[in-house]
Every structure is written in C-alpha cells, then in structure tokens.
Amino acid sequence: MKITLLGCGALGQVWLSALHQQGHEVQGWLRERQPCCHVDVRKKEGAVFSHTLTANDADFLASSDLLLVTLKAWQVASAVNRLATTLPPSSPILLIHNGMNPVDELHNVPQPLLLGVTTHAARHDDDAIVHVASGITHIGPAKHPYRNGHNLTAILHQALPEVIWHENIYPAAWSKLAVNCVINPLTALKGCRNGDLRHYPGEVAAICQEVAAVMACEGIPVSAENLLADINKIIASTAENISSMLQDIRMQRRTEIDYISGFLLKRAQAHGLAVPVNSHLYAQVKYKEKTYERIRTPLSRTRQ
Ligand code: NAP
Ligand code: PAF
C-alpha cells in the first residue's frame with residue numbers, strides 16, 4: 001500500500017516505522033517542505049528503527065492509497081484541507097487523535113473520512129521517539145459507511161496490532177473522550193502524574209457523572225458508576241504517565257482542551273444539560289494557556 005503520513009511526531013513515527021517494516025511504501029508530510037524525514041523509534045525492550053524516508057512529495061501524495069493523520073486535534077483541519085486537494089478522492093483519510101470535532105471542520109473534503117482512537121503510547125526523547133506501550137487502535141467511519149474498512153483494518157493490524165474495525169466508532173471515541181475529560185485537565189491543573197488522581201476521588205466522580213449524562217443524550221448510555229470504574233482502572237494502569245495535556249502546559253504549547261472538555265461542553269449545550277464541573281476545568285485550562293500566550297506576545301498586548 002502507498003501511504004502518506006501527516007504529523008510525523010511521537011505517534012506518527014511509530015506508525016511510519018511499523019508500516020515501512022511491513023513493506024508498505026510510506027512518506028512523511030512535514031509542516032516545512034523537506035525532501036526527507038528522519039524516523040527514529042525505540043521500543044521499550046531496546047529494538048531501534050532508524051531510517052530516512054521520503055517527505056512532502058506531491059506526486060507520491062497524488063497516488064497514495066491512504067492519508068494517515070496523527071496531528072494534534074487543533075492542527076487537523078487546516079493541514080488536511082490543504083492535502084485533500086491532491087490526494088485521490090477515493091483514498092480514505094484516517095484521523096487518529098485525542099478529542100473530537102476536527103471531522104466537522106473538514107467540510108469540502110471529498111475523500112472517505114475515518115476516525116481512530118488509540119491506546120498506544122509514545123513520547124519524544126531528545127531526537128528519538130520511544131514507543132512506551134503497545135495498545136489498541138479502534139477505527140471506523142466518521143460520517144458515511146466505508147466498504148473497504150475490514151481490508152484496511154487487516155493491513156493496519158498486520159503493521160501495528162491491535163487494530164479493530166467498528167461500523168460505529170462513536171461509542172469507542174466517546175469512551176476515550178471520557179477518559180481524556182477526566183485525566184487531562186485534572187493532571188494539567190494539579191501538575192501531577194495520572195496515578196496521583198487517586199487523591200481526588202470526588203472530582204473524578206463528579207466529572208464522570210456529567211460526562212455520562214452527556215453520553216446518554218448522545219445515544220451512548222453508560223452508568224456513571226461503570227464509567228468511573230473504567231477510568232479508575234486507566235488511572236491505575238497509567239499511574240506513572242505525565243498526561244499529554246500536562247506535557248503541553250509544561251512546554252507552554254496549545255493544549256487539546258477545546259476538542260476534549262470544549263467538545264463535551266458544546267454537546268452538553270446542544271442537549272440543554274448543565275456541566276458545571278467540566279465548564280470550570282475548561283475555563284481554568286484556557287486561563288493557563290492564555291497566561292503563557294500573553295507572556296509570549298507582550299508587545300501585541302500593550303498595543304491592544
Ligand atoms: P506530536 O508528537 O506533537 O506530533 C504531531 C506532529 O505533527 C509534530 O511532529 C508536529 O510538528 C506535526 N505538525 C503540526 N502541524 C503540522 C502541519 N500543519 N503539517 C505537518 N505536520 C504538522 O503529537 P503526538 O503525541 O504524536 O499526538 C498526535 C495525536 O495523537 C494527538 O491528538 C494526541 O493526543 C494523540 N495521541 C497520542 C498518543 C501518544 O502516545 N503520543 C497516544 C494516544 C493519542 P511540530 O513539532 O513541528 O509542530
Ligand atoms: O492524553 C493522554 O495522556 C492519554 O490519552 C491518557 C490515556 C490520558 C494517558 O495519559
């Protein structure tokens with residue numbers, strides 16, 4: 001298969017290395033146009049993948065069978081809209097990210113859109129990527145049924161197991177959103193590892209209660225108790241993790257809060273539900289983001 005991968009960061013490099021090792025023709029697509037990209041992935045048990053692959057080749061993109069997108073949620077719309085004009089209209093675009101909504105920002109994209117959520121874990125370590133933990137990638141159609149889903153899943157599964165196809169991806173996507181609504185803002189605001197959230201059972205339970213109410217209105221019924229039990233398991237199994245949102249806050253980068261709690265707030269509003277605990281967390285993370293945005297642009301601020 002011929003695959004262009006957009007977003008050659010932690011997760012993207014794990015996919016590039018896995019697909020290349022499986023014999024697929026792959027290229028990376030970098031923000032700044034470059035003829036090649038270096039992929040350096042280390043597995044926890046010591047195996048190393050180090051290769052230089054083609055990058056930003058428009059002819060390659062024009063004949064790609066798949067565009068795999070591993071950008072942060074807020075980076076998706078503008079980058080994908082640009083590449084979709086060159087990708088063949090029949091080639092699917094698979095978006096793998098935390099949070100929800102980018103798909104609604106892709107209005108005029110003719111290609112089949114697929115959505116993915118994953119429990120793989122990868123992080124930057126100097127110039128390399130460490131594939132910290134293997135996991136499961138759930139994929140499915142974002143809007144319209146896609147008839148080649150099972151074939152595509154088999155191909156991706158061979159490269160980086162496990163990959164599971166869902167005709168309705170939204171229950172899996174909402175379950176991941178629920179996890180991110182709890183762990184990401186709380187760890188980002190408290191500046192703690194995931195496991196330390198066991199010290200805040202009241203806040204964790206209150207977030208779950210609100211998320212479960214919104215999920216029920218979305219047609220994905222789950223009891224707040226079951227959601228809480230599942231999330232407590234993830235807090236325990238990722239106890240040593242520094243969540244992606246805490247990493248973003250520490251590096252003073254834009255977080256994915258608009259696509260996590262922000263998305264939940266939009267859906268709650270659409271259903272006429274009040275979600276005060278999640279609203280408060282959303283506002284606090286936005287406030288933190290704005291603080292360092294203001295520090296970065298002191299001149300533009302004084303001119304306003
Ligand atoms: P990441 O390391 O920041 O990777 C994103 C990459 O996209 C970066 O290399 C970035 O380059 C590049 N990029 C940004 N804008 C671009 C553009 N317009 N054109 C081309 N490339 C562009 O992030 P990640 O950790 O891989 O995460 C990707 C998504 O997967 C996120 O939604 C994350 O929440 C989700 N996720 C990640 C993991 C994980 O373990 N890493 C697990 C589950 C889900 P610059 O660095 O130059 O900006
Ligand atoms: O965003 C993250 O950090 C991860 O999705 C998760 C599951 C919260 C674990 O750290």
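Both counts, for ligands and for their atoms, begin at 1 and track the order of listing.
Polar contact with ligand 1: absent for S244 (N/O pair, distance under 3.5 Å). Considering backbone and side-chain atoms together, R31 places an N or O closer than 3.5 Å to an N or O of ligand 1. The shortest N or O to N or O distance between H97 and ligand 1 is not below 3.5 Å.
The aromatic rings of F49 and H20 sit perpendicular, their planes meeting at an angle over 60°, well past the 30° parallel limit.
Aromatic pair W29/F60: centroids not less than 6.0 angstrom apart.
Listed by atom number, the atoms of ligand 1 under 4.0 Å from C8 heavy atoms are 9 (O). Taking a cut-off of under 4.0 Å to the non-hydrogen atoms of H120, the atoms of ligand 1 that pass are 40 (O), 42 (C), 43 (C). Of all the atoms in ligand 1, the ones that sit under 4.0 Å from a non-hydrogen atom of W29 are 20 (C), 21 (N). The L30 neighbourhood of ligand 1 comprises atoms 20 (C), with distances under 4.0 Å to a heavy atom of that residue. Remark: ligand 1 atoms within the under-4.0 Å shell around heavy atoms of A121 are 40 (O). For ligand 1, the atoms lying closer than 4.0 Å to a non-hydrogen atom of L6 are 19 (N), 20 (C). For ligand 1 and G7, the ligand atoms under 4.0 Å from any heavy atom of the residue are 6 (C), 7 (O).
Proximity of A79 to ligand 1, defined as any heavy-atom pair under 4.0 Å, is confined to the side chain (atoms from C-beta onward).
The residue from V130, N98, V69, L5 that puts a heavy atom closest to atom 44 (C) of ligand 1 is N98. Across V132, L95, T118, L71, heavy-atom proximity to atom 13 (N) of ligand 1 is greatest for L71. Comparing heavy-atom distances from atom 2 (O) of ligand 1 across H124, R123, R33 singles out H124 as nearest.
Qualifying side-chain contact (heavy atoms from CB on, under 4.5 Å) partners for T118, counting only residues two or more places apart in sequence or in other chains: L11, I96, H120, T137.
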Measure from every N or O atom of ligand 2 to the protein's N or O atoms and keep only the pairs below 3.5 Å, writing each with atom names and distance to 0.1 Å.
from: ligand 2; atom 1: 1 (O); to: N98; atom 2: ND2; distance (Å): 3.1
from: ligand 2; atom 1: 1 (O); to: N184; atom 2: ND2; distance (Å): 3.1
from: ligand 2; atom 1: 1 (O); to: S244; atom 2: OG; distance (Å): 2.6
from: ligand 2; atom 1: 3 (O); to: S244; atom 2: N; distance (Å): 2.8
from: ligand 2; atom 1: 5 (O); to: N98; atom 2: ND2; distance (Å): 3.4
from: ligand 2; atom 1: 5 (O); to: K176; atom 2: NZ; distance (Å): 3.4
from: ligand 2; atom 1: 5 (O); to: N180; atom 2: ND2; distance (Å): 3.1
from: ligand 2; atom 1: 10 (O); to: N194; atom 2: ND2; distance (Å): 2.9
from: ligand 2; atom 1: 10 (O); to: N241; atom 2: ND2; distance (Å): 3.3

Practice prompt. Check the pair E289, R254 against salt bridge (charged side-chain N to carboxylate O under 4.0 Å, His left out), reporting the backbone distance first and the verdict last.
Written response: CA-CA 7 Å; E289 272 185 350; R254 181 172 171 185; 5.1 Å; no
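Closest to atom 3 (O) of ligand 1 among all protein heavy atoms lies K72 CE, 3.7 Å. Ranking protein heavy atoms by distance to atom 31 (C) of ligand 1, first place goes to E256 OE2, 3.4 Å. Protein heavy atom nearest atom 39 (C) of ligand 1, with residue, atom name and distance: A122 O, 3.5 Å. Closest to atom 25 (O) of ligand 1 among all protein heavy atoms lies A10 CB, 3.7 Å. Protein heavy atom in closest approach to atom 30 (O) of ligand 1: L11 CD2, 3.5 Å. Nearest protein neighbour of atom 6 (C) of ligand 1, counting heavy atoms only, is G9 N, 3.6 Å.
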Determine all donor-acceptor pairs shorter than 3.5 Å in which one atom belongs to a side chain in residues 143-152; sequence neighbours excluded.
none

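Within 4.0 Å of atom 27 (O) of ligand 1, not a single protein heavy atom is present.
Here CG of L19 is found 8.0 Å from CD of Q22. Values are rounded to the nearest 0.5 Å.
Shown here is H280, whose NE2 atom has no more than 12 heavy atoms of other residues, nucleotides or ligands within 6.0 Å.
In this structure, E32 does not count as a contact residue of ligand 1, since none of its heavy atoms falls inside 4.0 Å of the ligand.
The hydrophobic cluster containing Y259 also includes W74, under a criterion of side-chain heavy atoms closer than 4.5 Å among ILVMFWY residues, counted directly or through chains of members.
Checked against L87 for a side-chain contact (heavy atoms from CB on, under 4.5 Å), the options L66, V109, L61, L6 give a single hit: L61.
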